[in-house]
Amino acid sequence: QLQLVESGGGLVQAGGSLRVSCAASGRTLSSYTMGWFRQAPGRERAFVAAIRWSGTNTSYADSVKGRFTISRDNAGNTVYLQMDSLKPEDTAVYYCAARRGSVPTNSDREYLSWGQGTQVTVSS
């Protein structure tokens, strides 16, 4: 069974950078499309970014395009989300998720395995 564990969250000032990681165990990530989602207090979970199993195709939410970069290291069974030019509205719990399909979809219903989340707080 695939298990996902996020790490790297924390407190950062607006304009700063942070990289969160998602380490997998139980299965190899190389056959999964991976996604990052986030949930702010009082709001629904929202899509952030996704990457195809091969790393050749990515997708991003409009709100993070040009600021966030998703990448993966299949050999290391890890997925990353590099977050630059952070804004207070990026404050949320960030979750990684995995799906078997090849399309980096933004629908959370397509992802079957989820991590426990890591808190990212951006101060103004």
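Note that the numbering runs from 1 along the sequence shown for the chain.
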Review point. Does one side chain, of Ser30 or Thr28, offer a donor that lies under 3.5 Å from an acceptor on the other?
Key: yes
Quick one: list whatever passes side-chain contact (heavy atoms from CB on, under 4.5 Å) with [X], sequence neighbours left out.
X	result
Ser124	Pro88
Gln116	Val5, Glu6
Leu11	Thr121, Ser123

Listed by chain and number, what are the salt bridge (Lys or Arg N to Asp or Glu O under 4.0 Å) partners of [X], not counting sequence neighbours?
X	result
Arg100	none
Glu110	Arg99
Arg72	none

Note: Ala98 and Leu4 closest approach over all heavy atoms is N-CD1, 4.0 Å
Residue pairs passing the ring-ring contact (aromatic ring centres under 6.0 Å, His included) test with at least one member in residues 75-118, sequence neighbours excluded, are Phe37-Tyr111, Phe37-Trp114
In short, ring-ring contact (aromatic ring centres under 6.0 Å, His included) pairs touching residues 8-27 with sequence neighbours left out are none
Residues pairing under disulfide bond (SG atoms under 2.5 Å apart) where one sits in residues 24-56, two or more places apart or in two chains, turn out to be none
Do Arg67 and Asp90 come within less than 4.5 Å of each other through their side chains, counting heavy atoms only?
yes
- Indicate if Val93 and Leu86 have the same hydrophobic cluster label, given that clusters are the connected sets of ILVMFWY residues with side-chain heavy-atom separations under 4.5 angstrom. no
Residues pairing under salt bridge (charged side-chain N to carboxylate O under 4.0 Å, His left out) where one sits in residues 55-66, two or more places apart or in two chains, turn out to be Asp62-Lys65
Taking only distance into account, with no hydrogens and no angle test, what donor-acceptor pairs under 3.5 Å do side-chain atoms of residues 15-25 form with protein atoms, sequence neighbours excluded?
unit_1: Ser17; atom_1: OG; unit_2: Asp84; atom_2: OD1; d: 2.7

Enumerate, atom names and distances included, each donor-acceptor pair closer than 3.5 Å involving a side-chain atom of residues 43-53, sequence neighbours excluded.
unit_1: Arg45; atom_1: NE; unit_2: Asp108; atom_2: OD2; d: 3.4
unit_1: Arg45; atom_1: NH2; unit_2: Asp108; atom_2: OD2; d: 3.3

